[in-house]
Every structure is written in C-alpha cells, then in structure tokens.
Amino acid sequence: MITGIGTHIKTADFDKSLAFYQALGFTKVFAYGPDEEAKEKYRGVVFENGGSKLEIGEAHIAVKPEVFKEKIASSKISYMINVTSLSEVIDLARKANIEITVGPRHYYWGTLELVIKDPDGAVLVFIAPYSKEESEKVSADESWATPK
C-alpha cells in the first residue's frame, strides 16, 4: 500500500535553505519556478536520496503565506536521515559553516547519530551504522564543537 514517504518544508528564506541542503549533500532532482522549465509562480526544489524525497518551497497554493515565515519552535518532529558516515556529514557541515546542534553519539541500538537544525529550525538527525572505527574517528575530532 504505502510506497514511500516524503517531506515538504515551507521555507522562510528559500535561497538560504537551498544552499543549506545542497551543502549537506542532498541531491536535487527537480526544480520549479518562474525561471525553471516547470513554470510556477514560486520556487521550489525536490531532493531525492535513497528513495526518500524532501521538497523545499517558498510558497504553496494550498498554504497560507504567513506559514512560510514561521520558525519551527519545537523538536517534536525530527527527520531521520540515514548516511554511510557521520564524519562525512561533519566535514560537509564544517565546510559550509553549518552548526552541529548535538554532536556524534553512539546509541546502543547500533547507530552513531548527530543533530543539525536547518535554517527554519527543522531537526535533522543524521544516522550512520555503528562501527568502532567511525566512532573513534568522530569522537577524536571535536572540531565540530568549535563555536562559530
């Protein structure tokens, strides 16, 4: 019955969000807007990684405009993003000057995880399979914690 799940984030600053997601390695597969092949009055981009879709947009025909200016003020919902390596995420974040909200942590269910918030406050939990080597690598390199 269900064949996939996706997320649509209504961005307060589309350009900032686009740069953020691209800097972290999200793969853009489709764009729409006044200057795109898929004409729309507003801009949006769909990313797809591993069969999961994430869409960001600066407007939507079914959503009131004031929603796009709202900051996400709760971490009640978080996005779980599976990755092969947290050290790669840390490197990408460092290069783009993106703050890591919660540093790498080993969880007893066999994962290494870290948290980054997007420009609108959405909580992104990056999850890698646990390996002793990766755990030691991300634990030894605490440059992610250097204040900006």
Side-chain angles (χ1 to χ4, degrees), residues 1-33 35-38 40 42-60 63 67-148:
M1 175 169 89
I2 296 172
T3 60
I5 190 165
T7 302
H8 185 212
I9 297 176
K10 286 78 174 157
T11 63
D13 183 331
F14 179 78
D15 293 323
K16 188 174 184 178
S17 292
L18 178 60
F20 172 88
Y21 283 101
Q22 287 180 315
L24 288 175
F26 284 74
T27 304
K28 181 169 97 172
V29 295
F30 182 76
Y32 53 88
D35 300 325
E36 300 291 342
E37 189 174 325
E40 210 45 76
Y42 48 85
R43 297 175 298 159
V45 167
V46 177
F47 300 101
E48 184 172 1
N49 291 76
S52 298
K53 289 187 167 87
L54 170 69
E55 181 176 350
I56 62 171
E58 65 184 1
H60 191 282
V63 179
V67 167
F68 291 81
K69 298 300 177 197
E70 292 176 3
K71 186 80 171 160
I72 298 170
S74 167
S75 40
K76 184 171 178 108
I77 296 175
S78 58
Y79 302 100
M80 297 167 34
I81 302 160
N82 295 315
V83 297
T84 55
S85 167
L86 286 191
S87 58
E88 291 175 17
V89 174
I90 292 168
D91 289 344
L92 291 170
R94 183 183 303 127
K95 286 176 187 169
N97 205 27
I98 294 171
E99 181 181 347
I100 294 175
T101 309
V102 177
R105 184 171 170 198
H106 173 209
Y107 288 92
Y108 58 87
W109 48 81
T111 62
L112 290 168
E113 303 181 14
L114 66 79
V115 176
I116 296 175
K117 287 188 178 182
D118 87 347
D120 288 286
V123 176
L124 310 176
V125 181
F126 290 87
I127 304 169
Y130 174 80
S131 78
K132 184 176 180 182
E133 179 182 67
E134 177 81 352
S135 180
E136 289 171 353
K137 185 176 182 179
V138 298
S139 296
D141 176 10
E142 293 203 12
S143 62
W144 61 265
T146 304
K148 305 282 182 250

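Keep in mind that what you see is a predicted model, and the values were worked out from it rather than measured.
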Visitor: Looking only at heavy atoms, what is the nearest atom pair of K69 and A12, with distance?
Guide: NZ-O, 3.3 Å
Visitor: Looking just at side-chain N and O atoms, do S131 and E133 make a donor-acceptor pair shorter than 3.5 Å?
Guide: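 No, no side-chain donor-acceptor contact under 3.5 Å.
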Visitor: Is there side-chain contact between F47 and V29, with at least one heavy-atom pair below 4.5 Å?
Guide: no
Visitor: Using every non-hydrogen atom in the two residues, find where K117 and T101 come nearest and quote the distance to one decimal.
Guide: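 Heavy atoms only, the tightest pair is N-OG1, 3.3 Å.
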Visitor: To the nearest 0.5 Å, how far apart are CZ in F14 and CZ in R43?
Guide: 5.5 Å
Visitor: Run the numbers on F20 and D15 for side chain to side chain contact (heavy atoms under 4.5 Å, CB included), then give the verdict.
Guide: CA-CA 9 Å; F20 172 88; D15 293 323; over 6 Å; no
Visitor: Drop me the distance from L54's CG to D118's CG, to the nearest 0.5 angstrom.
Guide: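 CG of D118 is found 8.5 Å from CG of L54.
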Visitor: Kindly say whether S87 contributes a backbone atom to a donor-acceptor pair with the side chain of E134 at under 3.5 angstrom?
Guide: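 Judged by distance alone, yes, a pair lies under 3.5 Å.
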Visitor: Salt-bridge test for E113 and R105: reply yes if a basic N is under 4.0 Å from a carboxylate O, no otherwise.
Guide: no
Visitor: Over all heavy atoms of both residues, which pair between P104 and I90 is shortest? Give the atoms and the distance, please.
Guide: CG-CD1, 3.7 Å
Visitor: State the OG1-CD1 distance between T84 and I127, to the nearest 0.5 angstrom.
Guide: 13.5 Å
Visitor: Taking all atoms of both residues into account, what is the closest heavy-atom pair of I9 and A122, and its distance?
Guide: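 In this case the closest contact between I9 and A122 is CD1-CB, 4.3 Å.
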Visitor: Among I100, V102, L124, find the one that has a side chain to side chain contact (heavy atoms under 4.5 Å, CB included) with V115.
Guide: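 When side chain to side chain contact (heavy atoms under 4.5 Å, CB included) is applied between V115 and each of I100, V102, L124, only V102 qualifies.
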Visitor: Any luck finding a side-chain donor-acceptor pair between D120 and T11 under 3.5 Å?
Guide: no
Visitor: Grab the two heavy atoms, one from I116 and one from A93, that are nearest each other, plus how far apart they are.
Guide: CD1-CB, 4.2 Å
Visitor: Rounded to the nearest 0.5 Å, what separates atom CZ in F126 from atom CG in L92?
Guide: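 F126 atom CZ to L92 atom CG measures 9.0 Å (nearest 0.5 Å).
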Visitor: Report yes if the side chains of I77 and V123 come closer than 4.5 Å at any heavy-atom pair, otherwise no.
Guide: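 Heavy-atom side-chain distance check fails, nothing below 4.5 Å.
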Visitor: When rounded to the nearest 0.5 angstrom, what is the spacing between NZ in K132 and NE2 in H106?
Guide: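 Result: 11.5 Å between the selected atoms.
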Visitor: Ring-plane angle category for F30 and Y32, please: parallel below 30°, perpendicular beyond 60°, tilted otherwise.
Guide: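 F30 and Y32: tilted rings.
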Visitor: Would you please name every residue forming a salt bridge (Lys or Arg N to Asp or Glu O under 4.0 Å) with E48, sequence neighbours left out?
Guide: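 So E48 forms a salt bridge (Lys or Arg N to Asp or Glu O under 4.0 Å) with K53.
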Visitor: Test H8 against H60 for side chain to side chain contact (heavy atoms under 4.5 Å, CB included), laying out the working first.
Guide: CA-CA 10 Å; H8 185 212; H60 191 282; 3.5 Å; yes
Visitor: For the atom pair OG (S52) and CG (N82), what is the distance rounded to the nearest 0.5 Å?
Guide: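 Reported value, rounded in 0.5 Å steps: 8.0 Å.
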Visitor: Go through the steps to decide whether Y79 and V125 satisfy the test side chain to side chain contact (heavy atoms under 4.5 Å, CB included), and finish with yes or no.
Guide: CA-CA 6 Å; Y79 302 100; V125 181; over 6 Å; no
Visitor: Looking only at heavy atoms, what is the nearest atom pair of Y130 and S135, with distance?
Guide: CE1-CB, 3.5 Å
